[in-house]
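Right, one structure below, let's go through it.
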Amino acid sequence: EGELVYKGPNVCMGYARCRADLSAGDDLNGVLHTGDQVRIDEDGYIFIVGRRKRFIKLQGTSVNLDYVETVLKSRDIECIVVGRENRILICHMQADDAVLARVMADHFTFHPSSVRYKNLPELPLSAPGKPDYAMVSEQYPQKEPHRGCPGPEPADRTSYGSPHTLCRFCSLHASRA
């Protein structure tokens with residue numbers, strides 16, 4: 001897997017913001033970094049697996065946030081999934097976070113303490129009706145403790161790796177590992 005990069009004489013020079021830009025040379029040297037994450041199969045076919053900006057590192061593993069979202073939607077859970085290094089936020093309209101936690105435990109191996117849930121009356125959409133990932137990311141709860149674990153919170157609320165009493169979802173996850 002890797003980023004799809006195209007090279008050729010027909011690569012666009014970019015967007016012109018003013019008249020002078022139209023006379024600028026090819027600053028990209030005929031190379032276009034698409035931002036698409038792809039895999040190539042044994043026959044040489046290219047498959048787009050997601051956008052590079054929609055991948056995060058979670059506990060040392062590359063996680064495709066679009067895939068997480070697809071899995072949840074396949075279980076009839078309308079959601080928007082965003083993340084940053086070692087943290088995922090799932091905004092949803094589901095009544096019960098426990099249902100989401102169960103689906104996550106069934107399909108993924110990352111620790112439940114790295115996943116947060118935010119129940120919203122409606123999912124934020126951009127003007128064209130697409131998920132508004134930027135708006136959700138701006139409101140990402142960086143320092144919110146794992147709600148399911150009743151154990152003591154770390155003093156600075158940022159050290160998620162601190163020992164804590166396991167809630168039943170963390171226990172469920174630990175029993176599957």
Side-chain angles (χ1 to χ4, degrees), residues 1-94 100 103-118 120 122-144 158-161 177:
E1 282 194 18
E3 181 182 13
L4 178 63
V5 178
Y6 177 80
K7 182 176 183 176
N10 58 341
V11 170
C12 173
M13 294 186 299
Y15 293 102
R17 288 180 230 96
C18 64
R19 183 171 285 283
D21 288 348
L22 296 173
S23 62
D26 181 7
D27 293 338
L28 302 176
N29 296 320
V31 177
L32 174 65
H33 291 267
T34 66
D36 292 317
Q37 186 77 9
V38 300
R39 69 174 174 81
I40 302 174
D41 73 6
E42 60 277 353
D43 296 322
Y45 289 99
I46 298 172
F47 295 88
I48 297 175
V49 297
R51 297 287 296 161
R52 286 183 60 86
K53 65 182 177 182
R54 297 279 297 142
F55 280 76
I56 63 166
K57 282 286 189 186
L58 188 64
Q59 301 161 352
T61 302
S62 183
V63 174
N64 181 343
L65 298 174
D66 288 332
Y67 179 70
V68 174
E69 202 169 280
T70 299
V71 167
L72 294 171
K73 288 179 178 180
S74 75
R75 300 289 296 267
D76 296 323
I77 299 169
E78 283 303 310
C79 62
I80 294 177
V81 178
V82 296
R84 293 190 181 154
E85 187 173 341
N86 291 320
R87 295 183 180 105
I88 292 179
L89 172 65
I90 300 172
C91 293
H92 62 92
M93 298 186 305
Q94 192 79 11
L100 286 157
V103 172
M104 293 298 288
D106 286 347
H107 292 279
F108 301 102
T109 59
F110 31 85
H111 194 274
S113 66
S114 59
V115 182
R116 307 285 183 272
Y117 304 98
K118 179 84 174 148
L120 301 174
E122 62 182 35
L123 297 176
L125 302 176
S126 65
K130 295 183 177 183
D132 194 341
Y133 297 114
M135 192 277 271
V136 172
S137 293
E138 287 173 12
Q139 297 183 12
Y140 190 79
Q142 288 289 327
K143 297 182 180 182
E144 181 182 325
T158 60
S159 51
Y160 292 110

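Numbering starts at 1 and runs along the sequence shown.
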From CA spacing to verdict: side chain to side chain contact (heavy atoms under 4.5 Å, CB included), M104, I90: CA-CA 10 Å; M104 293 298 288; I90 300 172; 3.8 Å; yes
Test log, rule side chain to side chain contact (heavy atoms under 4.5 Å, CB included), inputs L123 and E78: CA-CA 8 Å; L123 297 176; E78 283 303 310; 4.1 Å; yes
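Atom-to-atom distance recorded for L120:CG and C79:SG is 11.0 Å, nearest 0.5 angstrom. One distance of note links CG of D66 with CD1 of I48; it measures 11.5 Å at 0.5 Å rounding. Annotation: the span from L100 atom CG to I77 atom CD1 amounts to 4.5 Å, rounded to 0.5 Å. The distance from the NZ atom of K118 to the NE2 atom of H92 is 9.5 Å, given to the nearest 0.5 Å.
Residues V63 and F108 have side chains not in contact (no heavy-atom distance under 4.5 Å, counting atoms from C-beta outward).
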Please tabulate, for the side chains in residues 3-11, all donor-acceptor contacts under 3.5 angstrom to protein atoms that are two or more places apart in sequence or on a different chain.
from, atom 1, to, atom 2, distance (Å)
E3, OE2, G35, N, 2.9
Y6, OH, N10, OD1, 2.9

Please list every donor-acceptor pair under 3.5 Å in which a side-chain atom of residues 129-136 meets a protein atom from a residue at least two apart or in another chain.
from, atom 1, to, atom 2, distance (Å)
D132, OD1, M135, N, 3.0
Y133, OH, E69, OE1, 3.3
Y133, OH, E69, OE2, 2.9

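Between the side chain of N86 and the main chain of Q59, a donor-acceptor pair closer than 3.5 Å is present. A donor-acceptor pair under 3.5 Å is formed between the side chain of D41 and the backbone N or O of D43. Of the possible polar contacts, none joining the R54 side chain to the Y67 backbone as a donor-acceptor pair under 3.5 Å is found.
Between S114 and H111, the closest heavy-atom pair is OG-O, 2.6 Å.
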